[in-house]
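The structure appears right after this line, and notes come after that.
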Amino acid sequence: MDINKYDPKFKLRRRDLLGLTDLTSEEIFELLYAAKAMKKKFRVRENSALLRGKTVALLFGSASTRTRVSFEMGIRQMSGDYLYLSKDETQLSRGESLKDTAAMLGRYGLSAVVLRSFTEAQTHEFASYSDIPVINGITEVSHPLQILSDLFTIWEVKGRLDNLKLAYIGDGNNIANSLIMGCSKVNMDVAIASPHGYSPARAVVERAMQYGDVLITDDVAEAVSGADVVYTDVFISMNEEDDAEKKRILSRYRVTEEVMRLAKPDAVFMHCMPVHRGEEVTAEVVDGPQSICYDQAENRLHLNKAALALLIRETI
């Protein structure tokens with residue numbers, strides 16, 4: 001389905017946003033069109049009070065920059081309120097069950113909960129006991145908000161999503177998993193270049209292949225050839241121990257100017273940040289003219305606002 005031929009309704013039929021596997025192509029388009037509307041209003045300082053009288057809990061298990069700031073600022077811009085809860089400062093850190101926490105939070109008048117750095121299983125368990133919308137801010141398996149904002153960014157820059165090719169280079173982590181699922185559902189080809197032992201989840205790849213073309217290879221040149229977008233992420237993911245051997249193995253998958261020349265001449269470079277210059281990507285690439293990393297980072301704000309508005313069922 002071509003996003004440019006889609007007629008948005010600005011509605012979601014689901015309550016939670018836990019992963020891209022659950023979303024239909026139409027639901028992805030709804031979120032991207034809503035983000036576009038949010039950004040248009042933001043640019044002319046016409047933020048709508050969509051969350052007036054609403055409070056969103058941000059229940060985070062690890063430090064954050066873009067997720068926390070984009071949610072806090074987005075909620076404020078929509079005239080809502082937020083409650084930041086570090087997991088270590090709640091009774092979860094002392095053994096309280098996810099069931100008790102999830103069931104209790106909605107009774108205080110909260111309108112939604114954003115979970116960050118819980119496991120995939122914990123996120124789904126929490127949602128099963130919650131009476132209010134639950135949003136997955138990141139798990140070890142998936143990062144749906146990041147990839148939705150990435151798709152929005154690609155749509156902005158390229159003017160379409162249909163029949164583009166994205167090449168991801170590096171560790172087959174939560175970003176790779178979510179890119180595979182997200183790209184395949186919007187009719188983008190996706191190629192993943194990872195060393196043996198660091199490939200994306202087989203179940204994700206098999207599911208995504210029902211929707212589109214997915215290439216898994218250990219050959220960077222094969223993956224990047226003809227790519228419209230080249231994407232990478234840090235070698236050591238969230239909550240992983242620093243691993244010198246893993247860095248050594250992945251060092252052959254660094255994105256350099258030579259790698260970028262294997263893609264199309266008008267290809268763009270993307271990175272979800274934080275960036276470790278000289279490790280997964282050279283400074284010349286991430287700070288160069290093909291990089292759209294800061295556009296990605298900004299669009300987290302607009303996509304997160306869109307997700308909140310649609311899940312809390314407000315009219316944009």
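Here the structure is a predicted model, which is why all the values come from computation and not from measurement.
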Are Ile132 and Ser111 close enough that some pair of their side-chain heavy atoms sits under 4.5 Å apart? no
Test of understanding: clusters of I, L, V, M, F, W, Y form through side-chain heavy atoms closer than 4.5 Å, transitively. Do Leu115 and Leu311 belong to the same one?
no
For Lys305 and Asn47, what are the C-alpha separation, side-chain angles and deciding distance, and is it a side chain to side chain contact (heavy atoms under 4.5 Å, CB included)? CA-CA 10 Å; Lys305 289 166 68 175; Asn47 294 310; 3.3 Å; yes
Ignoring hydrogens and angles, state whether a donor on the side chain of Ser97 or Asp100 is under 3.5 Å from an acceptor on the partner side chain. yes
Give a yes or no on whether the backbone of Val141 and the side-chain of Asn177 come within a donor-acceptor separation of less than 3.5 Å.
yes
Requested in this report: May I ask you to check whether over 12 heavy atoms, not counting those of Met209, lie within 6.0 Å of atom CE?
Outcome: no
Value for CZ (Arg313) from NZ (Lys11), rounded to nearest 0.5 Å, stands at 10.5 Å
Nearest heavy-atom approach of Val205 to Pro200 is CG2-CB, 4.3 Å
- Task: Taking atom types as modelled, find out whether Ser237 and Asn173 have a side-chain donor-acceptor pair closer than 3.5 angstrom.
- Result: yes
- Checking side-chain hydrogen bond (donor to acceptor under 3.5 Å, both in side chains) for the pair Thr67/Arg300: CA distance, chi angles, key distance, verdict? CA-CA 7 Å; Thr67 301; Arg300 289 292 306 278; 3.0 Å; yes
So CZ of Phe152 and CD1 of Ile3: to nearest 0.5 Å the spacing works out to 9.5 Å
So CG of Leu161 and CG of Leu32: to nearest 0.5 Å the spacing works out to 6.5 Å
- Query: Does Tyr33 have its ring centroid less than 6.0 Å away from the ring centroid of Trp155?
  - Reply: yes
Applying the 4.5 Å side-chain criterion to the ILVMFWY set and letting contacts propagate, would Ile135 and Leu58 be lumped into a single cluster?
-> yes
Heavy-atom nearest pair, Phe118 first then Gly61, reads CE1-N, 4.4 Å
- Message: Taking Lys165 first and then Asp228, would you say they form a salt bridge - that is, a charged N and a carboxylate O separated by under 4.0 Å?
- Response: no
#### Entry: Whether Thr101 side chain and Leu98 backbone form a donor-acceptor pair below 3.5 Å
no
Check whether any side-chain heavy atom of Asp171 sits under 4.5 Å from a side-chain heavy atom of Ser194, and report yes or no.
-> no
query = Among the clusters formed by ILVMFWY side chains lying less than 4.5 Å apart, do Val214 and Val220 turn up in the same one?
reply = no
In short, Val204 meets Met181 closest at the heavy-atom pair O-CE, 3.8 Å
Check your understanding: Would a 4.5 Å heavy-atom cut-off, applied to side chains only, mark Leu166 and Asp189 as touching?
Key -> no
Note: Phe269 and Val281 closest approach over all heavy atoms is CZ-CG2, 3.5 Å
(Q) Determine whether a donor-acceptor pair (N or O, by modelled atom type, separation under 3.5 Å) exists between the side chain of Arg277 and the backbone of Glu284. (A) no
Practice task
State, with a plain yes or no, whether a side-chain heavy atom of Val285 is found less than 4.5 Å away from one of Glu257.
Solution key: yes
Ring centroid separation Tyr84 to Phe60 under 6.0 Å
yes
Worksheet item: Got a salt bridge between Lys158 and Asp266, using NZ or NE/NH1/NH2 to carboxylate O under 4.0 Å?
Response: yes
I'd like to know if Asp131 and Arg107 make a salt bridge, using a cut-off of under 4.0 Å between side-chain N and carboxylate O. no
Side chain to side chain contact (heavy atoms under 4.5 Å, CB included) with Glu258: of Met260, Arg261, Arg254, only one passes, and it is Arg261
Practice item. Please examine the side chains of Arg52 and Met78, heavy atoms only from C-beta on, and report whether any two atoms are closer than 4.5 Å. Key: no
When you compare the side chain of Ile175 with that of Gln146, does any pair of heavy atoms fall below 4.5 Å? yes
For residues Tyr211 and Asn187, is any side-chain donor paired with an opposing acceptor at under 3.5 Å?
no
According to a hydrophobic-cluster definition based on side-chain heavy atoms being under 4.5 Å apart (Ile, Leu, Val, Met, Phe, Trp, Tyr only), do Val268 and Leu262 belong together? no
### Query
Are Val259 and Ile216 joined in one hydrophobic group, where the rule is that I, L, V, M, F, W and Y side chains link up if heavy atoms are under 4.5 Å apart?
no
Are side-chain N/O atoms of Thr153 and Asp295 paired as donor and acceptor at under 3.5 Å? no
Query - Heavy-atom side-chain contact between Tyr231 and Leu179 under 4.5 Å - result: yes
**Prompt:** Are the side chain of Ser184 and the backbone N or O of Ile180 linked by a donor-acceptor pair below 3.5 Å?
**Reply:** yes
To the nearest 0.5 Å, atom CD1 of Ile312 lies from atom CG of Leu50 at 9.5 Å
So, is the end of the Lys247 side chain (NZ or CZ) under 6.0 Å from the ring centre of Phe235 and within 45° of the ring's axis?
-> no
Mark yes or no for whether Ser149, through its side chain, and Leu145, through its backbone, hold a donor-acceptor pair below 3.5 Å.
-> yes
Review point. Is a side-chain N or O of Lys185 found less than 3.5 angstrom from the main chain of Leu20, in a donor-acceptor match?
Key: yes
Notebook entry, point to check: Would you find more than 12 non-hydrogen atoms of other residues, nucleotides or ligands less than 6.0 Å from Gln210 atom CD?
Noted result: yes
Ring pair (Phe, Tyr, Trp, His ring centres under 6.0 Å) filter on His302, not counting sequence neighbours, yields Phe42
So, Glu280 versus Thr232: side-chain donor-acceptor pair below 3.5 Å or not? no
ask   = Does the side chain of His143 pick up a donor-acceptor pair with the side chain of Asn174 at under 3.5 Å?
value = no
Closest heavy-atom pair, Leu151 versus Gly182, reported as atoms and distance to 0.1 Å, is CD1-O, 4.0 Å
Worksheet item: So, Glu30 and Lys9, do they make that salt bridge, N to O below 4.0 Å?
Response: no
After noting the C-alpha distance and the side-chain angles of Asn299 and Glu156, does the key distance pass the side-chain hydrogen bond (donor to acceptor under 3.5 Å, both in side chains) rule?
-> CA-CA 10 Å; Asn299 283 339; Glu156 278 191 318; 3.0 Å; yes
*asked:* Any side-chain to backbone donor/acceptor pair from Asp16 onto His124? Under 3.5 Å, distance only.
replied: no
Between Leu105 and Leu110, the two heavy atoms sitting closest are O-CD1, 3.5 Å
Whether Asn304 side chain and Ser70 backbone form a donor-acceptor pair below 3.5 Å = no
Task: Donor-acceptor under 3.5 Å (Glu27 side chain, Thr24 main chain) - done: yes
**Asked** Do Glu72 side-chain atoms and Tyr82 backbone N/O form a donor-acceptor pair below 3.5 Å?
**Response** no
Note to self: Quiz question: by atom type and distance under 3.5 Å, do the side chains of Glu120 and Ser142 form a donor-acceptor pair?
What the structure shows: yes
Separation between CD (Glu26) and CG (Leu12), nearest 0.5 Å, reads 11.5 Å
Can you check whether Phe29 reaches Pro8 side chain to side chain, under 4.5 Å on heavy atoms?
no
**Q.** Side-chain donor-acceptor contact under 3.5 Å, Lys87 with Ser93
**A.** no
By side-chain contact (heavy atoms from CB on, under 4.5 Å), Glu206 pairs with (sequence neighbours left out) Arg202
The reported gap from CD in Gln122 to OG in Ser117 (rounded to nearest 0.5 angstrom) is 10.5 Å
